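Heavy atoms only: backbone and side chains are in, while hydrogens, waters and symmetry mates are out. Note that the numbering runs from 1 along the sequence shown for the chain. Worth saying up front: this structure is predicted, and the values here are computed from it rather than measured.
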Amino acid sequence: MTVILDRAAFIRTHTRLMAVPHAPEIVLHLADEATALWQKTEDELGEIGLPPPFWAFAWAGGQALARYVLDHPETVAGRRVLDVATGSGLVAIAAAKAGAAAVTAIDIDAFCEVAVGLNAEANGVAITAMTGDAIGRDAGFDVILAGDVCYERSMTATMMAWLQPLAKAGRTVLIGDPGRTYLPRDHLEKRAEYMVPVTRELEDLEIKKTAVWALAGA
């Protein structure tokens, strides 16, 4: 079985630094050809258990959430921020640029931890990147940011069951979502809406109407 020992080299080989369409202040290591990398991951690399390369794309929910944080720095300024299911680290980088006191980015995919490190370095910000599952734990973060976490029913239910008590405890919880099927509208307050350019190869439209929602504590 082949094992990828140098994840950073793999990421650099299959991506290039590009400005994020809806948050051009930020550059990320992104895939030029989405279908090619996704297919390579599913076919050739799937044999060694490599997850889909969510870290190689700027998803609509993350772009909207990053834009909101950059435009409303008071949301995170001076606060401890967690970016859950971080992927590329886009939202975490936006929080760091907006003046967060400390930013942690977490994802269950170990490749994301490496991608976040590379992307943070490219943007000149400090982020603590971790591999793991934040769900079910309360590490005392002031703000929890979650982009594109409602595309599966089970994931959405698990995520909301964790986030709702945090919102009730007074934490700021923001969700970026382009109208995924399983987005629950209960206790959500729309903060902003954007028309976000996305990769047509992975989405059904080239421009996705994407909202930023705050999870109400009540």
Side-chain angles (χ1 to χ4, degrees), residues 7-8 10-12 14-23 25-35 37-38 40-42 45 50-70 76 81-97 100 103-123 125 127-135 141 143-152 155-156 158-159 162-163 173-178 180 182-183 194 196-199 201-203 208 210 212:
R7 293 186 175 117
F10 178 86
I11 292 169
R12 289 192 182 98
H14 293 284
T15 63
R16 67 183 178 91
L17 274 177
M18 290 184 270
V20 175
H22 206 62
E25 304 96 318
I26 296 172
V27 294
L28 298 175
H29 287 83
L30 300 174
D32 267 323
E33 298 182 17
T35 305
L37 178 56
W38 204 276
K40 180 179 182 66
T41 305
E42 286 190 341
L45 300 176
L50 189 67
F54 292 109
W55 46 265
F57 307 101
W59 299 89
Q63 288 198 59
L65 199 48
R67 182 73 270 152
Y68 182 84
V69 168
L70 289 169
V76 299
V81 176
L82 174 66
D83 177 22
V84 64
T86 188
S88 66
L90 167 58
V91 178
I93 292 167
K97 281 181 169 288
V103 182
T104 299
I106 190 167
D107 202 292
I108 59 173
D109 181 1
F111 266 82
C112 293
E113 179 178 341
V114 180
V116 171
L118 293 173
N119 290 330
E121 181 181 6
N123 288 276
V125 296
I127 293 171
T128 299
M130 301 173 59
T131 301
D133 190 352
I135 293 176
F141 292 98
V143 181
I144 297 91
L145 305 174
D148 297 288
V149 295
C150 298
Y151 55 87
E152 291 180 352
M155 178 181 183
T156 301
T158 301
M159 186 71 69
W162 170 58
L163 291 175
V173 179
L174 297 177
I175 297 168
D177 188 89
R180 303 288 185 199
Y182 302 112
L183 175 71
Y194 306 98
V196 180
V198 291
T199 302
E201 293 170 280
L202 298 178
E203 296 281 9
K208 295 283 286 187
T210 307
V212 172

For [X] and [Y], which heavy atoms make the closest approach, and how far apart are they?
X	Y	value
Ala95	Val76	O-CG2, 3.7 Å
Phe111	Ile11	O-CD1, 3.8 Å
Leu82	Ala134	CD2-CB, 4.1 Å
Tyr182	Thr156	O-CG2, 3.2 Å
Val91	Gly62	CG2-O, 3.5 Å
Ala129	Val116	CB-CG1, 3.8 Å

Taking atom [atom1] of [X] and atom [atom2] of [Y], what is their separation to the nearest 0.5 Å?
X	Y	atom1	atom2	answer
Glu121	His29	CD	NE2	8.0 Å
Tyr151	Phe54	OH	CZ	4.0 Å
Arg7	Asp109	CZ	CG	8.0 Å
Asp177	Lys208	CG	NZ	9.0 Å
Ile144	Ile106	CD1	CD1	12.0 Å
Leu65	Leu70	CG	CG	10.0 Å

Checklist entry - Only one of Asn119, Val114, Thr86, Thr15 forms a side chain to side chain contact (heavy atoms under 4.5 Å, CB included) with Trp55, so which one is it? => result Thr15
Taking side chain as C-beta onward, heavy atoms only, is [X] less than 4.5 Å from [Y]?
X	Y	answer
Val69	Val81	no
Arg180	Asp148	yes
Val198	Phe57	no

Item to check | Gln63 vs Thr210, side-chain contact (heavy atoms from CB on, under 4.5 Å): CA-CA, chis, key distance, verdict | outcome: CA-CA 9 Å; Gln63 288 198 59; Thr210 307; over 6 Å; no
Next on the checklist: Holding to side-chain contact (heavy atoms from CB on, under 4.5 Å), I want the full list of residues that pass it with Ala96, two or more places apart in sequence or in another chain.
Outcome noted: Val103, Val125, Ile127
Item to check | Plane angle bin for His14 and Phe10 - parallel if under 30°, tilted between 30 and 60°, otherwise perpendicular | outcome: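 Tilted: the ring planes of Phe10 and His14 meet at 30° to 60°.
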Checklist entry - Near Leu17 CG, under 6.0 Å, is it more than 12 heavy atoms from other residues, nucleotides or ligands? => result yes
Next on the checklist: side-chain contact (heavy atoms from CB on, under 4.5 Å), that's the test. Do Leu28 and Ile93 meet it? Break it down for me.
Outcome noted: CA-CA 10 Å; Leu28 298 175; Ile93 292 167; 3.8 Å; yes
